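Written out below as structure tokens is the structure these notes cover.
The structure displayed is predicted, hence computed values, not measured ones. Labels below follow one simple rule: chain letters A, B, ... track the order of the sequence lines, proteins then strands, and each chain is numbered from 1.
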Amino acid sequence: MNRDLILLGHGSGGKLSHQLLDDLIIPTLSGIALAGQNDAAVLEHGGRRLAFTTDSYVVDPIFFPGGNIGCLAVNGTVNDLAMMGARPLFMSTGLIIEEGFSRTELAEILASMRSAADAAGISIVTGDTKVVPRGKADRIFINTSGIGAVEHDLAISGANARPGDAVIINGTIGDHGIAVMAKREGLDLQADILSDCAPLNGLVAGIIAAGGEAVHVLRDPTRGGVATTLKEIALQSDKTITLHEAALPLNGAVRGVCSILGLDPLYVANEGKLLAVVAPEAAEGVLARMKDHPLGRDAAIIGHVTEGGGRVQMETAVGGMRAVEMLAGEQLPRIC
Amino acid sequence: MKYQDEFRDRDIVQGLASRIRELVAGRREPMTFMEVCGTHTMSIYQYGLRTLLPPQVRLISGPGCPVCVTPNEYLDRAVALCRVPEVIVATFGDMVRVPGSTSSLLEERAKGADIRIVYSPLDAVALAAANPGKRVVFLGVGFETTAPAIGGSILAAKKQSLGNYFVLAAHKTMPQPMRVLSADPELKIDGYICPAHVSAITGPDAYRFLAEEFRIPCVITGFEPVDLMQGVEMLARQVVAGESRVETQYSRVVRPEGNRKAQAVIREVFTPCDAPWRGIGVIPGSGLRIVDAYAAFDAGKIIPVEVEETKEHAGCLCGEILKGKAAPADCPLFAGACTPESPVGACMVSSEGTCAAAYKYGQ
């Protein structure tokens with residue numbers, strides 16, 4: 001294996017991404033306040049705490065059932081701020097557009113960004129536009145950065161899971177990844193599968209109001225899916241997380257597609273989901289509050305935290321036990 | 001979901017587990033059942049089925065992953081082909097990560113080769129139709145399961161008079177390696193969990209020689225946890241009764257005569273040949289090559305390439321693992337030098353490989 005090459009798997013959000021960060025990016029850029037293993041950096045300045053995050057969107061196709069690259073770019077940054085318990089305030093956008101791109105499609109993407117920003121209550125205040133020669137980019141890439149206000153003194157972090165905590169998810173897993181894949185590959189599905197792309201800051205505000213200090217970790221399981229995100233939390237917190245497969249909310253059509261293609265929904269990307277790790281005494285209250293929110297109707301307790309270092313395991317739906325690891329490389333459809 | 005939930009029912013699986021425990025209670029000698037289908041391997045790991053079985057029942061994995069049994073020489077040829085200007089290599093996803101002697105298709109793609117992951121061989125035919133200036137080579141790997149679809153793609157390309165669609169064929173057929181494993185004095189296999197998709201094409205008679213000549217019970221089993229546990233129970237029942245028959249647990253899909261239409265496509269486009277299996281060696285009559293009448297679609301004949309000298313990866317136990325003689329953890333490279341993100345051997349690459357399953361889901 002030629003170890004000098006950057007492979008697609010290095011951007012998958014899984015193990016290779018972590019290796020690239022740990023081996024090259026973080027050591028080289030040390031001194032800069034990197035978000036590290038959390039979704040956003042929390043910065044203190046003038047007595048105020050601010051969350052700061054950035055992300056780039058290179059999705060193919062750019063229009064997919066349930067959204068497009070524009071709302072994805074806004075919601076992604078809103079959610080990264082929300083996962084630190086921050087109230088999203090301002091954001092920037094950088095557009096990298098391939099020569100020949102349709103002005104009509106650009107207008108549609110921008111309108112979608114605007115309406116997503118309005119829905120999340122964040123203002124797009126600065127930006128940049130570059131056009132590159134045809135073939136030098138794939139239609140359009142969008143970078144967004146965001147700033148949010150942290151208006152509480154809770155220690156919400158991936159390193160904060162504690163024994164006894166409940167792991168809660170706000171709804172069905174894998175919808176975004178399968179919607180995008182089905183569109184990209186032209187899979188002719190009988191059932192519509194829509195991306196779950198949505199801003200989670202409102203839901204997070206409810207979780208914090210209901211749980212307060214009992215809310216230990218918030219994380220949105222985007223690339224790499226629920227499995228990779230939980231493994232990150234287990235490693236950061238040096239605890240064991242046990243998942244209950246039977247409790248995992250899963251849309252029937254997503255399950256069907258995963259079954260046909262040999263994909264594991266635990267590793268499929270989400271864009272409107274969050275995992276909350278909450279102290280046991282507050283779990284039911286937080287769950288009830290989530291279920292009251294439109295983005296939390298299918299919320300469920302899917303696992304719990306115990307002592308023991310960095311492991312994720314799953315009690316399967318039929319009662320067996322198995323380990324859950326991070327996504328390794330890209331998830332690819334099986335051969336037969 | 002209909003036809004799925006019933007076969008993932010916890011109570012039924014637990015009930016089967018206790019029946020198996022009762023069946024083998026008091027036995028000192030463990031019984032060893034081998035599955036020879038990668039999808040079975042994944043299901044067994046994914047549902048943690050081993051943790052439900054008593055110690056007297058051992059499940060081991062055989063050469064059931066088509067990617068894993070494909071030797072380095074084929075991968076090196078695919079790499080050489082993707083370096084030919086104007087060639088698009090189309091393949092199922094699993095193949096791109098497998099390391100050949102010095103490179104992989106994934107590496108070649110990162111360097112600029114045109115490699116497309118497709119979901120069906122007909123997608124590759126459509127790719128050829130849409131790119132008349134290019135030559136599209138589909139990597140024809142798999143067992144009886146994929147051979148009809150790939151044969152069908154050649155028939156479709158012929159019907160469309162496409163002169164730029166080719167298949168690099170390395171198909172293999174399943175019963176022959178089972179004969180080799182059954183005759184191996186170092187292995188003691190007490191029963192086969194026979195492959196589901198393969199059997200849907202061939203029908204159950206393909207395994208009759210195993211039951212009759214080698215006295216090994218065979219059960220054709222579906223992929224869901226209830227299927228597999230029931231298959232194990234049926235095998236255990238035969239072993240306890242001292243019988244050896246071919247039984248079909250997966251009767252909702254597998255017909256006694258198999259799939260005659262698919263068999264006809266295989267006969268039309270392919271003919272048996274000797275084939276090299278990674279870790280096992282050349283097995284007479286275990287491969288399928290494209291017949292002369294369709295030689296115009298045979299990438300191996302039409303697009304000559306210089307193939308690098310084949311190198312095997314030192315220390316890799318893939319061969320022993322594919323024969324069921326070693327478990328993934330026995331390999332000194334497992335989870336250290338060899339991981340899914342940096343695989344040394346094919347068993348770690350394919351999503352259906354034994355080592356990949358053991359790494360991902362644990363023992």
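Residue A/Lys273 is tested with A/Thr172, A/Thr222, A/Ile173 for a side chain to side chain contact (heavy atoms under 4.5 Å, CB included); the sole match is A/Thr172. Partner of B/Lys172 under the side chain to side chain contact (heavy atoms under 4.5 Å, CB included) criterion, chosen from B/Val69, B/Leu288, B/Val141: B/Val69.
Of the listed residues B/Met229, B/Gln14, B/Met42, B/Gln46, the one with more heavy-atom pairs under 4.5 angstrom with chain A than any other is B/Gln46. Considering only heavy-atom pairs separated by less than 4.5 Å from chain A, the leading option among B/Ile12, B/Asp11, B/Val13, B/Val344 is B/Val13.
A salt bridge links B/Asp227 to B/Arg252: one of the charged nitrogens lies within less than 4.0 Å of a carboxylate oxygen.
Aromatic pair A/His176/A/Phe64: ring centres closer than 6.0 Å. No close placement of the B/Tyr250 and B/Phe7 rings is indicated, their centers lying 6.0 Å or farther apart. Less than 6.0 angstrom separates the ring centroid of B/His40 from the ring centroid of B/Phe223.
For A/Arg322 and B/Tyr47, the positive end is not near the middle of the six-membered ring at less than 6.0 Å and at most 45° from its axis.
Within residues 307-316 of chain A, the residues having any heavy atom closer than 4.5 Å to a heavy atom of chain B are A/Glu315, A/Thr316, listed by residue number.
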